[in-house]
Amino acid sequence: MFSIVDVETTGGIGGPTRLTEVAVFRYDGVEVVDSFHSLLNPRCPIPPFIARMTGITDAMVQEAPDFADVAREIDRVTQGAVFVAHNAPFDYGFLKKEFAWVGLPFERHRLCTVQLSRRIFPGLPSYSLGKLCRSLEIPVSNRHRAHGDAAATVQLFERLLMNDIHGLIKDRQLTV
């Protein structure tokens with residue numbers, strides 16, 4: 001079982017930066033069997049450059065739940081599944097930090113689709129999510145939003161599974 005995750009944030013992983021959006025698709029290797037998506041109130045201003053990139057504004061998250069309000073649901077949908085994300089150290093690091101702030105443990109085995117893509121699809125011009133999806137003809141809607149990017153990562157992960165002739169995913173050789 002895999003939980004394919006994407007998050008949007010107020011900035012880099014260090015310091016008091018917070019989540020503004022999270023999307024999780026629980027995937028059994030064939031189809032999505034469960035999902036969770038929510039905007040989150042970071043309880044701090046969203047920097048203008050982040051708002052321009054993601055389209056997520058302070059007004060949009062004003063009435064959104066705090067992370068503490070959705071932590072149990074995120075835990076449930078990721079429980080017992082390998083955590084998969086494009087640049088997994090970033091997404092996992094943010095969730096682990098948010099879980100720690102609410103006093104809950106969060107430990108998952110992880111796979112990074114950036115690392116997997118470099119090994120399974122060598123020689124592509126870029127491994128950023130948008131450019132990689134373009135190279136592989138995977139449609140991406142609502143780029144730089146958690147739901148859109150996570151949905152594209154599901155399709156990318158399906159392609160990785162189909163083309164993983166060396167068993168990197170099954171053997172979790174590229175855990176982070």
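Owing to the predicted nature of the structure, the values given are computational and were not obtained by experimental measurement. Numbers for residues simply follow the sequence, beginning at 1.
Between the SG atom of C133 and the OH atom of Y127 there is a distance of 13.0 Å, given to the nearest 0.5 Å. Atom CD1 of I56 and atom CD1 of I50 lie 9.5 Å apart (nearest 0.5 Å). Taking CG from D91 and CZ from R110, the interatomic distance works out to 12.0 Å, rounded to the nearest 0.5 Å. Here the straight-line distance linking atom CG of N163 with atom CG of L168 works out to 11.5 Å at 0.5 Å rounding.
N41 places a side-chain N or O within 3.5 Å of a backbone atom of Q62 that can act as its donor or acceptor partner. Panel note: side chain T17, backbone G12; a donor-acceptor pair is recorded below 3.5 Å.
Salt bridge absent: D164 and R119 never bring a charged side-chain N and a carboxylate O closer than 4.0 Å. A salt bridge does not link E8 with R145: every distance from a Lys NZ or Arg NE/NH1/NH2 to an Asp or Glu carboxylate oxygen is 4.0 Å or more.
The nearest pair of heavy atoms linking F25 to S35 is CD2-CB, 3.9 Å.
Counting non-hydrogen atoms of other residues, nucleotides and ligands closer than 6.0 Å to CZ of R72 gives a total of 12 or fewer.
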Please tabulate, for side-chain N and O atoms in residues 152-160, each donor-acceptor pair with protein atoms closer than 3.5 Å (sequence neighbours left out).
{"residue": "T153", "atom": "OG1", "partner": "D149", "partner atom": "O", "Å": "2.8"}
{"residue": "E158", "atom": "OE2", "partner": "Y27", "partner atom": "OH", "Å": "3.4"}
{"residue": "R159", "atom": "NH1", "partner": "L136", "partner atom": "O", "Å": "2.4"}

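A heavy-atom distance below 4.5 Å is not found between the side chains of V140 and L129. Side-chain atoms of V61 and P42, non-hydrogen and from C-beta on, do get closer than 4.5 Å to each other. Inter-residue side-chain proximity for D75 and R108 is flagged as met; some heavy-atom pair is nearer than 4.5 Å. D28 places none of its side-chain heavy atoms less than 4.5 Å from the side chain of F2. Side chains of T10 and T20 form a contact here, defined as non-hydrogen atoms less than 4.5 Å apart. Between T78 and R26, every side-chain heavy-atom pair lies at or beyond the 4.5 Å cut-off. Contact of the I46 side chain with the M60 side chain is not registered, since no non-hydrogen atoms from C-beta on lie closer than 4.5 Å. Annotation: side chain of K97 is not in contact with side chain of R18 (no heavy-atom distance under 4.5 Å).
The salt bridge (charged side-chain N to carboxylate O under 4.0 Å, His left out) contacts involving residues 41-57 comprise R43-D66, where partners must be two or more places apart or lie in separate chains.
When only modelled atom types and interatomic distance are considered, H147 and E21 share no side-chain donor-acceptor pair under 3.5 Å.
Applying the 4.5 Å side-chain rule to ILVMFWY residues, one finds V5, V7, I13, L19, V22, V24, F36, L40, F67, V70, I74, V77, F83, F90, Y92, F94, L95, F99, V102, L104 in the same cluster as F106.
Hydrophobic clustering of Ile, Leu, Val, Met, Phe, Trp and Tyr side chains at less than 4.5 Å, counting indirect connections, unites V84 with V32.
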Candidate pair T54 and H144, rule side chain to side chain donor-acceptor pair (under 3.5 Å), full reasoning: CA-CA 5 Å; T54 64; H144 295 294; over 6 Å; no
